[in-house]
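Structure record follows, encoded as structure tokens.
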Amino acid sequence: MSDLEAFRRETRAWLEANAPKSLAGIPSNDIEGVWGGKKWVFDHPDKKLWLERMAEKGWTAPTWPVEYGGGGLSSAEAKILAQEMKALRLPAPLIGFGLTMIGPTLLRFGNEAQKQEHLPKICRGEIRWCQGYSEPGSGSDLASLQTKAVRDGDHFVINGTKVWTSYADEADWIFALVRNDASGKKQEGITFILIDMDDPGVSVSPILLISGKSPFCETHFKDVRVPVTNVVHEIGAGWTVAKALLGHERTMIADTFGVASTKARARGARGFLPELAASRTGEQDGRLADAVLRDQVAAFEMESRAFALTVQRTKDAARAGHQPGSESSMFKIYGTELNQRRYELMVRILGPDALGWEGPGFDETDLETTRDWLRSRGNTIEGGTSEVQLNIIAKHVLGLPA
Amino acid sequence: MSDLEAFRRETRAWLEANAPKSLAGIPSNDIEGVWGGKKWVFDHPDKKLWLERMAEKGWTAPTWPVEYGGGGLSSAEAKILAQEMKALRLPAPLIGFGLTMIGPTLLRFGNEAQKQEHLPKICRGEIRWCQGYSEPGSGSDLASLQTKAVRDGDHFVINGTKVWTSYADEADWIFALVRNDASGKKQEGITFILIDMDDPGVSVSPILLISGKSPFCETHFKDVRVPVTNVVHEIGAGWTVAKALLGHERTMIADTFGVASTKARARGARGFLPELAASRTGEQDGRLADAVLRDQVAAFEMESRAFALTVQRTKDAARAGHQPGSESSMFKIYGTELNQRRYELMVRILGPDALGWEGPGFDETDLETTRDWLRSRGNTIEGGTSEVQLNIIAKHVLGLPA
Amino acid sequence: MELVLNEDQELIAKTALDFVAEHSPVSRFRALRDADDRLGYSQALYREMAELGWTGIAFAEEEGGAGMGLAELALVVEALGRKLAPEPFLGGIAMGGTALSLGASPALRSAWLPGVIDGSKVVALAHQEAGARYDLCAVKTRAEAAGDGFRLTGEKTGVLDAVGADAVIVPARTAGQPGDRAGLTLFLVETDRPGVSLERQVRVDHRNAAILRLDGVACGAAAVLGQPGEGADLLEAVIDRATVVLCAEMLGGMSEAFDLTVDYLKTREQFGVPIGSFQALQHRAARVYMEVELARSAVMAAARAVDAAGAGPLDADVRKLVSLAKARCSDAYVLATNEGVQLFGGVGMTDEYDIGFYMKRARAAELTFGDAAFHRDRWAMLGRY
Amino acid sequence: MELVLNEDQELIAKTALDFVAEHSPVSRFRALRDADDRLGYSQALYREMAELGWTGIAFAEEEGGAGMGLAELALVVEALGRKLAPEPFLGGIAMGGTALSLGASPALRSAWLPGVIDGSKVVALAHQEAGARYDLCAVKTRAEAAGDGFRLTGEKTGVLDAVGADAVIVPARTAGQPGDRAGLTLFLVETDRPGVSLERQVRVDHRNAAILRLDGVACGAAAVLGQPGEGADLLEAVIDRATVVLCAEMLGGMSEAFDLTVDYLKTREQFGVPIGSFQALQHRAARVYMEVELARSAVMAAARAVDAAGAGPLDADVRKLVSLAKARCSDAYVLATNEGVQLFGGVGMTDEYDIGFYMKRARAAELTFGDAAFHRDRWAMLGRY
């Protein structure tokens, strides 16, 4: 215990001495965060400084082993580090799929050479990764993927297209699922492989959404030659790797929506939606003038609160040592639907002010609301559709027959 | 045309001369109507007189052939008869499953002996019929019925149980589906047969619903011997007969709900639900004080109206010569759900006043509302569940694959 | 606030579930109903439950209770709600008992609370008058000063667990008009006093309830709970707590109804397969599951928040959680039972099957202490919008 | 009122569907959008449509129209709505044209209506001001007396089909305060007059719309439609009719969106089978089908009821039908497109697929002339509750 207290004191002192004051309060979200990689351009020199100093201590990946560029911290120590950073309102020095996805995957499934090659670069923010799973034809049936990997000596020759590869246009490497064998069950014959985006034959085209620009891309492989040594785990055992990673991803998404709905309560004295409704549709005797809207806002707030309490209950249960069940499916469904309802409500509150796409006559935040509403429609599709999640609950939680 | 005009004059004269004046305005519904049969007790001597006079003219079954006790009228003449009866606000002299179900079935599928035996008695209201289709295990999968009919010389020996046999406790005969052969496909080996309820081995027990008493019964057959001559159509061809009859029944049910929702608009200056809500939850500035309730009442009224217009549209299209589609499934689903919503709304409007089952402290009409609400929950189950109807729409209207 | 059961609570929940499953299957409720039993519950079984400590679980140790709170009482009542066990925990403990605990003078307290806690006495609370809907202040019953005391005249309806009760706590108007907050006073009225009459009501859920008629019933000043004229605050504090207990009962009921439905989906065959294999039904069942889960979280949070407030007044945040629990439970219980009857199909409509009991119970509970719309409005009002 | 197409109407519907399918597939709308076309529609194609008689279909024969009604115009607009054909039928015909037809003096009428009917002129109607939501009387734009005429000053927003229009009919306040019913007057303002400026807006549905700014624009008394100060009645009469036309467009859009979805369900395979074989999706599709059917009945009824009323004021029963149509279409179109995008899955979220266009169009139409909640409230108000 006194060791941890000592660690806390040292950490705080180090952070106070090394963290640029200018970064306090800057979030480490998709927009403001540092993704790193060869093409990365820092929008502030202090962000670069902060990354370098943290990477040097291994604290971009606090719990990873020191030999791969991590901090070698215990989870208790990592928690203290996070707490102290939060106390100083410091952003994470680095974000991205390297740290959250391929890194943990390599730690679990990669061989020594792969770990030594890739993990330090991830920790230092030198290489940015993207994910190549879905394909135009695969959808919810991910295992039906068709991108072909044909063995040619020490290489696989890869042909096919991946969709929904977020930020592929800014990434240096991609981890991808490819089909090395189409003869057996569809889950067999899938290989998890690492591909350098600079390789000849790799090309990227951005995907335009109904809400406008997006980080999503299509990534095309045309006779791309990838060394067999880039296969993670066994050839043909990619589905095992993918499943572990997908489970991880869904928990993250569910967490995001769980947390988002909790945070939504914080804005404004009366909460965000009541304030918006009051400002756009008026008040009477200190209450929202439109009683029907008031009822809908209250219903939304209440279900959000009950949902947040359910997320909390699951966490409390996990802390108390209960085995987690399939809650992540429920969180994914409910959290995404709440987010959609939130935007539907906002759009209805805005009324004709929500009709804009761009340009004159519309308020900037209203335009953003309209785009966000459209974007929210994808929440119940991406990361496992609501239909797939409902199937999971029916089968794995309720035990209903197939 | 002048023939029809003459028919109209004669009909009106005959009705004015023969219809008891006391019956004007009495409805011919389940409660007030004359079901007939051996156990029937008339609650008014004029109803008996009216039945006798109409039966003598064959006008209890106006379009049936004269030789079977019908009126032999053309459909144009039958329409005139109905119009003239309506003009004088006269009830139908006789109602029941004999006229609406087994009669038309015998006319189409019965042999000469069966027609001569049964149709005149139906027309004269001497025999009351009930229907034996569903079984405890069959539900939506009617063809899985198990009531056994084993051939023994000139007889079938019948064993099994039928459920939902409305008014079986007051009926004289039952038309039933029984299984004569269990070896082939389930739709094969079903026989449509007529059984005298007085036969040894037939017993009836009433079914209590969650809403209280009901016309429904269970009808048990224990070694009941039925002559083979009572089979309608061919042995083993009962499914053909049943399907024709079921289609007929569903159209009737759909019609009922279509009409009911149209009628609901008529009560009270502002309609039934607005008046009820005003009297129980108060008004402010001439409007319902509870704006959320007002919104729900309006939503219900509007969907009822749109539904009634859709029923009308289908009828108008049929009159214009368009082929009817599978509208009856839609009417069944939507009409029954509207009826349920109506009662849910009423119960919410009544609030604590809807908590009664019987006895002191509750208004009679409120008690009825509560029972009717419970009974309405069965609407989406009986006569083909909503789930089965949705399947039908998906497959037969939308052409979605099985 | 931890939304997880501690070891003591786990044990209470398990004991309660086991005891209720063994001693009070739904068939017992059915038999009492079919017999038109006047009480509608078993006094002997109620005393057994008291011996297990259930009746006293939420009362202070110095009163003879277990010194726990609504979080624990909720576990017991949830188990009772699962099997529709009709013993008077709602009217007698959550309403009458809580009113005594929050408002009774030392004299009243020592006269009544020990009996309530050991299960030998039942004290009900008459919160409802005809036409009042969910307005606790819509009280017409008058308490007119008469000598040192009062004379009570009026009529209450739907007085829960009043049949067989030894006393009823009666809100009456010592001043003001129906609907006014000020001028309400709570009196403890013994049911054997002259001028008191109770008539059994038969409700759709067959819960013990009565019409209480007061015809100039004499009450001394010592029968007053809390401060004269300020009874609205006390009544509201009691009903908020009773609402949480009702929610626990609803949670038990909806969980059981849902379990019955899922079991039926697994076993009932149609078209040669279990109907639970139909995807449309699977998705609907999954939706019900989620709503029940959310309701459970809301009930746990409300019980813990009320417990944290102790005997004091409840602030807006706590009251919002009470409204949240009641709104979610109302909607989820109605959904679970509507879907339950529908998925059972024809047999679900028959009195022979239990699922219909839960449908009736769901509706009755929804319409007690405010329906979901009422509590959404209350939530908004407490949130100042 | 017969809710079935007669032979003439069948022919109109078929001709319209065929023409639009051939000359205006959705790819045309897409191309216009991608080109940031200022007009957003094709004047040449609009004139072709006029030659087919579509623009004049609902105007009286003595004006040069076909003497039919909204029932027939609805069929044409439904076909346009199916393929998102952007020609100015809503702003130019249903709004501006109807205003001329109902309110213009003989001089204005003869100056403008022939051009509107033959498609050579477009007259828009500026019914919306910033912040007014769905209140037609929330007009701040002032018309101040100046000599024999008026000077108009103010700003209108979301003026449909105003870009490229020859004139705009402008409600302005000759008396009273924003929100007042009295004191509104409608003026026909030529767009090339000094002080008039139009700025193209880019809406989520990419419909032709503009901000109209009036800076002391001089208008003679001859430019007034209807009675000065009584413009609210006229405006309401026009918007009620335009609402029916918008509903017809919505009906076309939701029908096409639903057809696209059903086709996708039949052809898209997952797990080795067409996704349309999944029962949960089948039931959802069947639900959408029913809502679209109800919307169709409501639109047909509203169009026929308005036609039966002729040019006169609409009574409460007719206006209720208009609200019914708009409420049902709003809900059904949003449902059909939400379900559409969801069932298309990921590709439904991409700009490359057309289903997203319908989702945007559904929302924009919902928020024009009052959303479903607005029209439920109006229905209740017209029903005196």
Side-chain angles (χ1 to χ4, degrees), chain A residues 265 268-271 273-275 277-278 283 286-288 291 293-322 325-327 329-331 333-334 337 386-387 389-402, chain C residues 1-7 10 258-259 261-263 265-267 269 273-279 281-291 293-302 304 320-321 323-329 331-332 372-373 375-385:
Chain A
R265 289 187 301 125
R270 295 186 291 190
L273 278 176
E275 289 293 346
E283 293 184 78
R287 307 198 69 190
L288 294 184
L293 180 61
R294 186 170 70 212
D295 180 68
Q296 290 171 343
V297 168
F300 171 79
E301 280 203 322
M302 292 169 85
E303 280 163 57
S304 297
R305 184 69 184 277
F307 176 65
L309 289 168
T310 306
V311 174
Q312 185 198 328
R313 180 157 69 89
T314 307
K315 287 182 179 161
D316 289 349
R319 248 200 310 276
H322 297 267
S326 296
E327 289 89 358
S329 287
M330 173 168 71
F331 295 159
I333 299 166
Y334 218 100
E337 289 180 355
S386 292
E387 289 75 21
Q389 310 293 350
L390 287 166
N391 288 343
I392 291 173
I393 292 176
K395 274 160 201 150
H396 300 298
V397 183
L398 307 182
L400 292 173
Chain C
M1 181 164 71
E2 289 262 304
L3 296 182
V4 63
L5 301 191
N6 61 34
E7 281 183 27
E10 294 265 15
F258 182 58
D259 289 351
T261 305
V262 170
D263 282 349
L265 288 173
K266 288 178 189 172
T267 51
E269 296 207 352
V273 294
I275 59 174
S277 65
F278 293 121
Q279 193 196 32
L281 306 193
Q282 292 184 341
H283 283 197
R284 283 161 63 178
R287 295 262 169 207
V288 176
Y289 163 78
M290 295 194 292
E291 295 302 332
E293 286 295 306
L294 263 66
R296 178 170 298 280
S297 311
V299 175
M300 287 177 78
R304 280 154 183 73
K320 280 174 78 176
L321 283 175
S323 281
L324 178 64
K326 186 58 169 58
R328 298 317 310 135
C329 283
D331 284 349
H375 282 284
R376 286 196 297 272
D377 188 59
R378 199 175 93 137
W379 167 284
M381 190 133 41
L382 291 165
R384 294 185 284 131
Y385 68 90

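Note that the structure is a prediction, hence the values are computed from the model and not measured. Letters go in sequence order (proteins before strands), and every chain restarts at 1.
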> Below 4.0 angstrom, N of the basic side chain to O of the carboxylate: do A/R319 and A/D316 qualify?
Replying inline: yes
>> Please classify the contact between A/E303 and chain C as side chain, backbone, both or neither, with a heavy-atom cut-off of under 4.5 Å.
In response: both
> Side chain, backbone, both or neither: which part of A/E337 has a non-hydrogen atom closer than 4.5 Å to chain C?
Replying inline: side chain
Is it the side chain or the backbone of [X] that comes within 4.5 Å of chain A heavy atoms, both, or neither?
X	result
C/M381	both
C/R328	side chain
C/A380	both

Can you check whether [X] reaches [Y] side chain to side chain, under 4.5 Å on heavy atoms?
X	Y	value
C/R287	C/E291	no
C/L265	C/F278	no
A/T314	C/E293	no

Only pairs of heavy atoms separated by less than 4.5 Å count here; which of [options] has the most with chain C?
options	value
A/L309, A/L288, A/I333, A/V297	A/L309
A/P274, A/P401, A/A320, A/A306	A/P401
A/E283, A/E387, A/R313, A/Q312	A/R313

Per-pair distances, 0.1 Å, donor-acceptor, side chain in residues 390-398 of chain A, under 3.5 Å, sequence neighbours excluded:
residue, atom, partner, partner atom, Å
A/N391, OD1, C/Q279, NE2, 3.2
A/N391, OD1, C/H283, NE2, 2.7

>> Show the nearest heavy-atom pair for residues C/L5 and C/M300, with the distance to one decimal.
In response: CD2-CE, 4.1 Å
>> At a heavy-atom distance under 4.5 Å, which candidate from C/D377, C/N6, C/D331 has the highest pair count against chain A?
In response: C/D377
> Does a side chain donor of either A/Y334 or A/Q389 reach within less than 3.5 Å of an acceptor in the other side chain?
Replying inline: no
